[in-house]
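Computed from a predicted structure; not experimentally measured. Residue numbers start from 1 in every chain, and the chains themselves are labelled A, B, ... in the order their sequence lines are given, proteins ahead of strands.
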Amino acid sequence: MLIEFTLNYQPIAIEAPPDVTLLHLLRDHLNLTGAKEGCSVGECGACSVIMDGRLVNSCLVLAPQAHGSEIITIEGIHAPDGGPNDLQENFITYGAVQCGICIPGMVVAGEALLMRTLTPTRTEIRTALAGNLCRCTGYQQIVDAIEATAVQRRQAS
Amino acid sequence: MARFDYVRAHSIAEALQLLGEAGLISRPLAGGTDVMVFVRNEKPPFDRLVDISRVPEMKIIERRGDEVFIGAAVTFTEAEQNALLREVAGCLAEACRSVGGPAVRNAGTLGGNVANAAACADSLPALACLDAVAHVRSLTGERSFLLNELIQGANRTAIRPGELLTHFTFPVPPAGVRSAFLKLGRRNAQAISRLSMAAAGRLDAAGRVDYARLAPGAAMPRPQRFTEVEALLLGQAPTDELLAAAGAKTAEVMIGVTGRRWSTEYKEIAIQAMAEQTLRRVLCQ
Ligand code: FES
Ligand code: FES
């Protein structure tokens, strides 16, 4: 069936079977492999995308449900020149990346939070990441990176 | 070949037409947090999913007279952030806040939580505590159920093929009633409830309990209020002794329903403490 939606600020139309997940649509039909398939059952957050302004697990969204929506994936999050944006720079600065498999999801979850508030408490940051698992970093550095970005964006705005 | 088809409904009337269409088996799809996990592991027992997640009439939360109306497609996030629910149904707002992680709360719906009827579903004790009624519609009419009639056991409900759980209603609790929800999982984030507890209560001018509701979750095959515990509280001052007695009674009632099993030794102590704590929050703070 024809699925039309806005993907990373660009309108897109794609023919796909009705029974695939949004995650598969992105990875296998659109070659956007930033969202990862960790668990496929909504427990790890590696497949996180922003759908109509809210964080969702793309493994739990049926692809045709995206019809008419605005989807932002990790590929849509970058600086104007295509390099890392401030949040991504802070992930590097604060040592928040080890093996990297959780990081696209972590960045997307971080952006979803910062879209709603630039004054999150550490507890709010942790709550915002509650659905994103990381087996490497211990989370601390990821929380630091998001907190620092919030402060910088607050000062800039 | 696709294993099933997809169609989106834009109104309840359209959803009922689609769900009732002869010749193929259709099932509702809302947030997908249960359905998508299910179809990953099992052969889908349907030909088509009818997406009801954007039906406007099913997204409403409002006061209608002395009742609160909640559409079944309201997400946990929407319920948790709703000012009316926070004010009159604190236990439900808190239960919705405790579900999964943010991504699951943004997608999962109250209707889906109830229709899927997992024993550990967090909204069930809160809805039972509020005496919520579930409204189920089909092309031939509407049926209404109390939660403990709708839910017949783990993952079993009275909803028939062709029917759609459209909304819930519950009476606005009397002024001054406070309610709360408490959950015990293996960890803080994304935990599946091992036990949960919803309670509501109020003290009169003399400091005695004149309103009490208690509904444990995850421990029972069906959500239900523990009226024996409520009766024990009414007319009494909320002393430590009274709350301890209410906790003990809660454990006793649970064991009366479920019998003793391997997990009872743990659950008996835990449910007692949780009942005590939840009641303390609504009666003593
Ligand atoms: S792959 Fe979607 S939550 Fe794990
Ligand atoms: S960096 Fe390895 S899982 Fe997070």
Side-chain angles (χ1 to χ4, degrees), chain A residues 1-3 15-25 35 37 39-69 105-106 108-110 112-113 115-116 120 123-134 139, chain B residues 1-10 26-44 46-55 59 73 75-78 80-81 97-109 112 116 185-192:
Chain A
M1 64 191 298
L2 186 68
I3 305 169
E15 196 58 50
D19 64 340
V20 299
T21 63
L22 176 59
L23 177 61
H24 281 150
L25 186 78
E37 180 160 22
C39 66
S40 273
V41 292
E43 285 179 2
C44 73
C47 66
S48 298
V49 304
I50 298 172
M51 182 169 175
D52 295 327
R54 290 198 186 274
L55 186 73
V56 296
N57 295 317
S58 62
C59 69
L60 296 183
V61 176
L62 199 60
Q65 288 190 290
H67 185 81
S69 296
M106 287 292 181
V108 169
L113 172 68
M115 280 165 60
R116 313 185 79 74
T123 308
E124 282 167 344
I125 297 174
R126 289 187 169 277
T127 305
L129 300 180
N132 292 72
L133 300 187
C134 176
Y139 302 100
Chain B
M1 240 221 30
R3 295 185 303 156
F4 52 84
D5 203 359
Y6 167 93
V7 61
R8 185 177 295 179
H10 302 88
S26 298
R27 288 282 181 277
L29 167 70
T33 51
D34 290 318
V35 174
M36 296 301 289
V37 175
F38 180 83
V39 298
R40 180 180 154 77
N41 299 321
E42 322 264 338
K43 185 173 146 32
F46 47 77
D47 307 306
R48 181 170 72 178
L49 287 173
V50 177
D51 185 355
I52 47 108
S53 63
R54 299 181 192 211
V55 171
K59 305 285 294 174
T75 65
F76 296 115
T77 301
E78 288 159 352
E80 179 235 313
Q81 293 175 347
R97 192 175 315 146
S98 82
V99 173
V104 167
R105 288 196 292 278
N106 286 340
T109 62
N116 191 50
R186 283 203 171 141
R187 57 196 183 106
N188 278 334
Q190 295 242 90
I192 307 285

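Heavy-atom distances place both the backbone and the side chain of A:Val41 under 4.5 Å from chain B. For a residue to count as touching a neighbouring chain, one of its non-hydrogen atoms must lie under 4.5 Å from one of that chain's; by this rule A:Ser48 does not touch chain B. Only the backbone of A:Cys39 comes within contact range of chain B, with at least one heavy atom under 4.5 Å from a heavy atom of that chain. Interface residue B:Asp5: backbone and side-chain heavy atoms are both found under 4.5 Å from chain A. Both the backbone and the side chain of B:Arg3 come within contact range of chain A, each with at least one heavy atom under 4.5 Å from a heavy atom of that chain.
Rounding to the nearest 0.5 Å gives a distance of 5.5 Å between CG of A:Asp52 and CZ of B:Arg54. Rounding to the nearest 0.5 Å places CZ of B:Phe4 at 5.0 Å from CG of A:Leu62. Rounding to the nearest 0.5 angstrom, the gap separating the CE atom in B:Met36 from the CG atom in A:Asn57 is 11.0 Å. The CG atom of A:Leu60 lies 12.0 Å from the CG atom of B:Asn106; values are rounded to the nearest 0.5 Å. B:Thr75 contributes atom OG1, which lies 6.0 Å from atom CZ of A:Arg54 (distance to the nearest 0.5 angstrom).
Heavy-atom minimum distance, B:Pro102 versus A:Gly131: CD-N, 3.9 Å. Smallest separation of non-hydrogen atoms from B:Tyr6 and A:Met1: CD2-CE, 3.9 Å.
Options B:Asp34, B:Val39, B:Leu29, B:Leu49 differ in how many heavy-atom pairs under 4.5 Å they form with chain A, and the most are formed by B:Leu29. Interface summary for chain B: among A:Pro17, A:Gly68, A:Pro64, the most heavy-atom pairs under 4.5 angstrom belong to A:Pro64. In terms of non-hydrogen atom pairs under 4.5 Å with chain B, the most contact-rich of A:Leu55, A:Val56, A:Val61, A:Leu113 is A:Leu55.
Side-chain N/O atoms of B:Arg97 and A:Thr127 include no donor and acceptor closer than 3.5 Å.
Judged by distance alone, the side chain of A:Gln65 and the main-chain N or O of B:Ala30 form a donor-acceptor pair under 3.5 Å.
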